[in-house]
Amino acid sequence: MITTKLLLAFSICRLIATVGLNMGPATELPRLGIDGLLTVDPLDIETASIDFGLMTRDPPLAVLHPASADDVAKLIRTVANAAEEENGGFTVSARGHGHSINGQAQTGNGVVIEMSGGGRQHRRVGGRGASPPLPVVSEKGRFVDVWGGELWIDVLKWTLEYGLAPRSWTDYLYLSVGGTLSNGGISGQAFNHGPQISNVHELDVVTGNGEIVKCSNEENADLFHGVLGGLGQFGIITRARIVLEPAPQRVRWIRVLYSNFEAFTKDQEWLISLHSKTNSNEKFDYVEGFVIVDEGLINNWRSSFFSPANPVKISSFNKNKSHGAVLYCLEITKNYHESSSHTLDQEVEALMKELNYIPESVFTTDLGYVDFLDRVHKAELKLRSKGLWDVPHPWLNLFVPKSRIADFDRGVFKGILGNNTSGPILIYPMNKHKWDPRTSAVTPEDDVFYLVALLRSALDNGEPTQSLEYLSHQNHQILEFCYENGIEVKQYLPHYTKEEEWADHFGDKWPEFQARKLKFDPHHILATGQRIFPAFKPVNMAVSR
Ligand code: FAD
């Protein structure tokens, strides 16, 4: 422990010598001429040491709240120069909103750049340092330029002032633009519009060389494609130009149940095949679904729809009332304007009559567009009030090829999981051709693949099946099951620690991924928390976790 403390003190001294950081609770960077704040404030350090997963802890040496791409570039240039001159040095990780699971935005041996809008608030409260630029909607309303750390909820609020909104979403909006674009950004709209990385025209990126580069399909395309889904490896997104559409006013939100997995997936696949319909009346706007393992009542934080005031008993829908039976819930929505609400019932009915759900299991609600998009936040507030949000989250997100989803159902939903899920399990298909193959994101070979998201919370309540160890072991069993049965899944929001695992994950894209690293972050100083490449001659410092 003494050695660790000494090494930490030594590293901080070196950081001070490198970037000119004044020791103090929150202070500016005189030597770099940065407009934002570089701080060693214990609260900032604590926030940047953890993430939503709450399974890893890695305190950085300092935290930067940048005010501009220039601030980011100045810091990275200094760190890159130090790396070159000293044959080692420090690392830099952008942190969006810290909603990773396995420490992907952490860095123990360097500086965390707090990109998110929370930083803007922080500076306002502290009254020091400048703020990042505000969003700018284009003249014709086709796109919006936003700061890379902007939260999607703020992008929505901003664009709604112009009657516009982005068209591809995540289920939860308190995530940063740069964070989701570094992964994919998916929700029930992805079958139609593609993931968020298919809905961005242009980026400003600060590379690992400290250069600010504008990139798009036409300009610096290698960097543009590399950064999208690139897990923060090639640069820090400081501006994103996001595609907009006229914002719908309201949403008809429908849920229906299935006891037969084949019928469920057949209907989901048919619904997403309708993406090619040019008339938007002939398709739904959002297609998702989730698995309900027999726990008595349909009850998890993603099913607040079936509220405690309106409890729904699984057995009442399951002909096979045996223990451990599984139900599947299809979730679909149709956006509409008040002015077109008169045709809505007909359009919905025409689509619904093609589906083979349990007839008496239709649950429908109507709500405002923002209320629908921001639905998970409501669940968050409830969980927070019960102390159930800030708990470890051993989440596992998999892309499963369509050709093997039935095997996955048999082996995992009806097998490994038993009858205790400890959280929502989402399942919905997407069309592969909506994902640009030039980006760094990887998906299975099949033309259609499913997201299976096991969003579980570990509780320290004495119930062994809810413990972190139990759920982590189950994740391991699921991956083993896929491996042993030749089900070629790809992890979404991947977590690996060995180079050969990453090589396998990226498959054909691995040589290109490595070449882009060499080109855009040759010193390996960026996003080391992803554990893809070793940090360039890292200072041998292991802060105890
Ligand atoms: P962070 O966790 O802070 O960062 C993630 C990675 O991106 C890190 O490697 C970081 O260094 C890098 N990074 C961050 N900002 C930048 C930047 N500006 N430039 C370059 N690299 C950067 N995902 C979905 O696709 N769909 C969902 O519906 C969805 N729902 C979620 C719900 C919850 C409650 C949670 C916790 C997560 C959910 N996610 C979802 C996952 C989410 O997309 C990832 O956690 C993602 O990393 C975004 O989170 P963040 O902005 O907090 O990024």
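Along the sequence shown, residues are numbered consecutively beginning with 1. All values below come from the heavy atoms of this structure, side chains included, with hydrogens, waters and symmetry mates left out. Just follow the structure's listing: the first ligand is 1, and inside any ligand the first atom is 1.
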Next item on the list: Please indicate whether any nitrogen or oxygen in G232 is less than 3.5 Å from any nitrogen or oxygen in ligand 1.
Entry: no

Under 4.0 Å from any heavy atom of [X], which atoms of ligand 1 are there?
X: S100; answer: 1 (P), 2 (O), 4 (O), 5 (C), 45 (O), 47 (O)
X: Q530; answer: 6 (C), 8 (C), 9 (O)
X: I236; answer: 19 (N), 20 (C)
X: T180; answer: 43 (O), 48 (C)
X: L493; answer: 41 (C), 44 (C)
X: Q104; answer: 8 (C), 9 (O), 11 (O)
X: H97; answer: 3 (O), 50 (P), 51 (O), 52 (O), 53 (O)
X: S176; answer: 51 (O)

Checklist line | side chain to side chain donor-acceptor pair (under 3.5 Å) involving D504 - partner list, sequence neighbours excluded | finding: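 Counting only residues at least two positions away or on another chain, D504 forms no side chain to side chain donor-acceptor pair (under 3.5 Å).
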
Tell me yes or no: between the side chains of [X] and [Y], is some donor less than 3.5 Å from an acceptor?
X: E150; Y: S176; result: no
X: Q189; Y: D285; result: no
X: S198; Y: K434; result: no
X: Y286; Y: E331; result: yes

Side chain proximity check, [X] to [Y], heavy atoms < 4.5 angstrom:
X: N209; Y: R77; answer: no
X: L396; Y: L398; answer: yes
X: R167; Y: L244; answer: no

Taking non-hydrogen atoms only, is [X] closer than 4.0 angstrom to ligand 1 via side chain, backbone, both or neither?
X: S182; result: side chain
X: W147; result: neither
X: A94; result: both
X: Y492; result: side chain
X: L181; result: neither

Margin query: Please enumerate all residues that pass salt bridge (Lys or Arg N to Asp or Glu O under 4.0 Å) together with R239, with sequence neighbours excluded.
Written below: D145, E202, D204

Next item on the list: Please test E499 against R531 for salt bridge (Lys or Arg N to Asp or Glu O under 4.0 Å), starting from the C-alpha separation and ending with a verdict.
Entry: CA-CA 9 Å; E499 185 176 332; R531 296 177 173 79; over 6 Å; no

Next item on the list: Can you figure out which of M115, R95, H99 has its heavy atom closest to atom 52 (O) of ligand 1?
Entry: H99

Using non-hydrogen atoms of the residue, decide whether [X] is closer than 4.0 angstrom to ligand 1.
X: W395; result: yes
X: G98; result: yes
X: G184; result: no
X: S116; result: no

Check: So, do W502 and F533 have ring centers that fall under 6.0 Å from each other?
Finding: no

Notebook entry, point to check: Is the Lys NZ or Arg CZ of R375 less than 6.0 Å from the centre of F372's six-membered ring, within 45° of the axis?
Noted result: yes

